[in-house]
Student: 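If you scroll down you'll find the structure; I have some questions about it.
In what follows, chains are A, B, ... by sequence order, proteins preceding strands, each numbered from 1.
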Amino acid sequence: MPLLDLKGIVKDYELGKTVVHAVRGLDLNIDRGEIVAIMGPSGSGKSTLMHLLGALDTPSAGTASLEGHNLHELSENELVTLRGKKVGFVFQTFNLIQSLTAQKNVELPMIFQGVRKSARAERARALLEKVGLGERMKHRPNELSGGERQRVAIARALANDPEILLADEPTGNLDSETGATILELLKKLSIDEGKTMILITHDPDAAAIAHRIVRLRDGRVVQEVRNA
Amino acid sequence: MLREFFRLAGQNVLHRKLRSILAVLGVLIGIMAVVILISFGLSLKGLMTGEVAKVFGVDTFMVMDQDVMSGKHSGGMKEFGLNLETLKGVDGVKTVAAVRQRTAFVEGGTNGEGNVQQGFMPVMGLSPELLTDFAAFTGDLVFEEGGRQITGTDVDAAVLRRELADRLGAKLGDTILIAGEKSNEITATVIGILAASDEKQAEQGFASSMSSSSSDTIYVPYATMDLLWPEGNDFLVTVVRILPGYDVDDVADRAEVALKAEGSRVSAITSSDITSVIDQMMSYINIFLAGLAGISLLVGGVGVMNTMFTSVLERTKDIGVMKAVGAKNRHVLAIFLIESGLIGFLGGLIGTALGLGITAAACWGINTFAGLPAGASFPFVASPTLILATLFGAFALGAVSGLWPARRGARMPVVDALRYE
Ligand SMILES: Nc1ncnc2c1ncn2[C@@H]1O[C@H](COP(=O)(O)OP(=O)(O)OP(=O)(O)O)[C@@H](O)[C@H]1O
Ligand SMILES: [Mg+2]
């Protein structure tokens, strides 16, 4: 059974009278441990797809299932819990909470799962050390460089030891050199920790770390390539 | 988890210092107003009950016309009839002092043109016991040189105020004629003239508080009153001291029953009766104050609401992030409610402290400069109930004001929140 299974997914957005068809009938399976890159021109529905894969949103039609749970059948609270435990997100704009230190940002997903304070602090420290920010635990986001912020975001994504890492253009706001080290880190982590990773990107270098590249256009899969 | 929410909310409050301070200020002013108004009311009550206790003590009660205390009769005192001997015979009564008042025809000396000065004036008869045993009722009256107070052995004696002495053309040692009912009349010697300059001090005494036209009043011994008007249906008030070991309310009840049984329309009033009248009055004042307080708190609450709307809007993206990493709607709701509650609580804390401080300073100022009657004090009352209630109320005010904005934040769809720029 694939970890993620999308069948006939449609996602429409209604904007007043016009309807935007962001995703128009999409089938996609992703197996455990796979690294999949999703590419495509701007507006092709990549971010929309990521939201559906990460159980942030529900499709207008079609079925999406995560580890056999049909997302349609889950209540909003069950979706939140599933997402909190199974999925870690890395965003293009880092999306750290400005008022919290790096450590607290990493602890945040654990707080909502009710992890005890000492366990939380210890895991946050370990994760920040793993991404090379052991010395920056008490820094706030505005005291960190872009690359460092994205490392904090990656540590946060790993906080609840999720099955899946979803990264939407994680290098989009970084210079190419920093971007390369972030990609290196993501690849290393997903291999070391056995995570499934879905990487949305414009960048062919980024796509190069994937086992498989899926190309989208106008809300449909137009090409799937396996990397050697 | 709740503790962590408090920490997160606290971070938010600290992170936007200026805005938080402004919202806190809004609550603070409201709470301060509430605390000042209520503490001041408590001080006022303290002053009044203190004065009542000073006059009454625990062993004294008064008998008055029943309509005066029940409020049916407005405009001060009202004469009534009773049998003083019945009152004296009630179990537990030690001393009884009475004040009677009548209007009498009075003739004084002659003026420069040889005309006799005369007119109708109120005449007040004072029991000797009133002067010896109930000094708190008469106050310290100041006499002009050579004058003195009425004593128990005086009969044909009178005490006047300076103004009246002038009008009657009477000097110390002169005689005035007082005509009572039928053909009863006496020639009384003026044994004392109350100094006009010390009116303020005399005001505190019994004489002024009992009669609105007191500067006209001629004070005579109780015995003289009996000679002029033998029928005792003109009592203004009687004051009763009880024997040690008796309960003042019990004795007062017995006295009232005994007097009413004889047809006297009177009621016996103890300090607790007066205190309950004061309480009643304070409760009206408090309703008024609560209205004022409500308005200022409403203003504070709107301030908090405004701040929270801004806060929710500003942190839309954070809400999206929190939800993406596993926050449920109720978690987001709780964090924002705690944040607005904290703003309220902070305002409450500072407002209560400032309010109490200002009230304490005002009480000190009044006691020091306002020239209260000798021995009276305007006490500063820091009520623990008030403090706890305002602190809790301020937190609740903040939380309630934050409810609407917090709900809006909590219900925001996660994808929309994440897209928000
Ligand atoms: N909340 C929304 N409301 C209305 N339309 C939306 C919404 N979200 C996405 N769309 C539309 O859906 C389409 C797909 O958007 P999406 O963000 O998935 O594209 P993308 O492939 O991620 O593009 P980019 O590479 O620029 O990030 C676009 O036309 C977009 O305008
Ligand atoms: Mg996108």
Side-chain angles (χ1 to χ4, degrees), chain A residues 11 13 22 47-52 54-58 75-101 104-117 120-121 140-142 153 155-160 162 166 168, chain B residues 1-21 307-308 310-340 342-343 407 409-421:
Chain A
K11 182 71 189 178
Y13 292 107
S47 294
T48 304
L49 177 61
M50 174 176 112
H51 294 151
L52 295 169
L56 288 173
D57 211 350
T58 45
S75 72
E76 178 158 345
N77 275 341
E78 286 169 329
L79 267 182
V80 175
T81 309
L82 186 72
R83 176 205 307 159
K85 284 187 186 149
K86 300 286 179 188
V87 187
F89 293 92
V90 179
F91 301 94
Q92 177 173 354
T93 50
F94 322 134
N95 288 356
L96 299 176
I97 291 183
Q98 298 296 325
S99 59
L100 301 180
T101 61
K104 279 285 166 195
N105 265 291
V106 177
E107 283 186 31
L108 201 60
M110 297 185 268
I111 289 175
F112 296 119
Q113 297 302 325
V115 179
R116 295 187 61 81
K117 189 173 165 54
R120 228 163 50 203
R140 281 173 213 277
N142 61 358
R156 180 180 64 189
L158 294 171
N160 285 331
L166 279 175
D168 191 352
Chain B
M1 205 183 300
L2 199 62
R3 176 140 39 106
E4 212 47 50
F5 286 178
F6 267 94
R7 213 166 280 153
L8 287 174
Q11 290 286 350
N12 293 338
V13 171
L14 291 178
H15 195 64
R16 292 271 174 265
K17 282 196 189 65
L18 183 63
R19 201 180 54 212
S20 303
I21 286 172
T307 300
M308 290 311 296
T310 317
S311 181
V312 166
L313 192 69
E314 205 171 67
R315 300 220 312 280
T316 302
K317 192 125 195 188
D318 287 358
I319 293 173
V321 173
M322 287 195 289
K323 286 187 163 189
V325 302
K328 294 177 179 165
N329 285 5
R330 62 185 165 83
H331 296 152
V332 176
L333 186 74
I335 290 172
F336 279 102
L337 282 186
I338 293 171
E339 176 176 340
S340 62
L342 280 180
I343 291 176
R407 263 170 58 148
R411 288 176 176 182
M412 204 158 351
V414 51
V415 175
D416 294 351
L418 277 174
R419 281 180 172 271
Y420 183 86
E421 289 299 333

Student: With respect to chain A, which residue among B:Lys328, B:Arg3, B:Lys323 yields the maximal number of heavy-atom pairs within a distance under 4.5 Å?
Tutor: B:Lys328
Student: May I ask you to test the B:Val414-A:Arg83 pair for a side-chain heavy-atom distance under 4.5 Å?
Tutor: yes
Student: Under a 4.5 Å cutoff for heavy-atom pairs, which residue among A:Val115, A:Thr81, A:Leu100 has the most contacts with chain B?
Tutor: A:Leu100
Student: Could you walk me through whether A:Leu108 and B:Leu8 pass the side-chain contact (heavy atoms from CB on, under 4.5 Å) test, one step at a time?
Tutor: CA-CA 10 Å; A:Leu108 201 60; B:Leu8 287 174; 4.1 Å; yes
Student: Do B:Leu418 and A:Phe91 touch side chain to side chain, with heavy atoms closer than 4.5 Å?
Tutor: yes
Student: Side chain, backbone, both or neither: which part of A:Leu82 has an atom under 4.5 Å from a heavy atom of chain B?
Tutor: neither
Student: List the atom of B:His15, the atom of A:Gln98, and the distance in Å for their closest heavy-atom pair.
Tutor: CE1-O, 3.8 Å
Student: More than 12 non-hydrogen atoms from neighbouring residues, nucleotides or ligands closer than 6.0 Å to NZ on B:Lys317, yes or no?
Tutor: yes
Student: In terms of the angle between their ring planes, are A:Phe112 and B:Phe5 parallel, tilted or perpendicular, with boundaries placed at 30° and 60°?
Tutor: tilted
Student: Considering only heavy atoms, which portion of A:Arg140 lies under 4.5 Å from any heavy atom of chain B: side chain, backbone, both, or neither?
Tutor: side chain
Student: Give, as side chain, backbone, both or neither, the part of A:Leu56 having an atom under 4.5 angstrom from any heavy atom of chain B.
Tutor: both
Student: Under 4.5 Å from any heavy atom of chain A, what part of B:Glu4 do you find: side chain, backbone, both or neither?
Tutor: side chain
Student: Relative to chain B, which of A:Pro109, A:Pro162, A:Ser47 shows the most heavy atom pairs under 4.5 Å?
Tutor: A:Pro109
Student: Pick one of side chain, backbone, both or neither for B:Ile319, based on which atoms fall under 4.5 Å of a heavy atom in chain A.
Tutor: neither
Student: Applying side-chain contact (heavy atoms from CB on, under 4.5 Å), run through B:His331 and A:Ile111 and close with a yes or a no.
Tutor: CA-CA 10 Å; B:His331 296 152; A:Ile111 289 175; over 6 Å; no
Student: With a 4.5 Å cut-off on heavy-atom pairs, point out which of A:Leu96, A:Thr93, A:Val80 contacts chain B the most.
Tutor: A:Val80
Student: Between B:Asn12 and A:Ser99, which heavy-atom pair has the shortest distance, and what is it?
Tutor: OD1-OG, 3.4 Å
Student: Looking at B:Arg315, B:Arg7, B:Arg16, which one has more heavy-atom pairs under 4.5 Å with chain A than the rest?
Tutor: B:Arg7
Student: Looking at B:Arg19, I want to see if its CZ is surrounded by more than 12 non-hydrogen atoms of other residues, nucleotides or ligands under 6.0 Å.
Tutor: yes
Student: Side chain, backbone, both or neither: which part of A:Lys85 has an atom under 4.5 Å from a heavy atom of chain B?
Tutor: neither
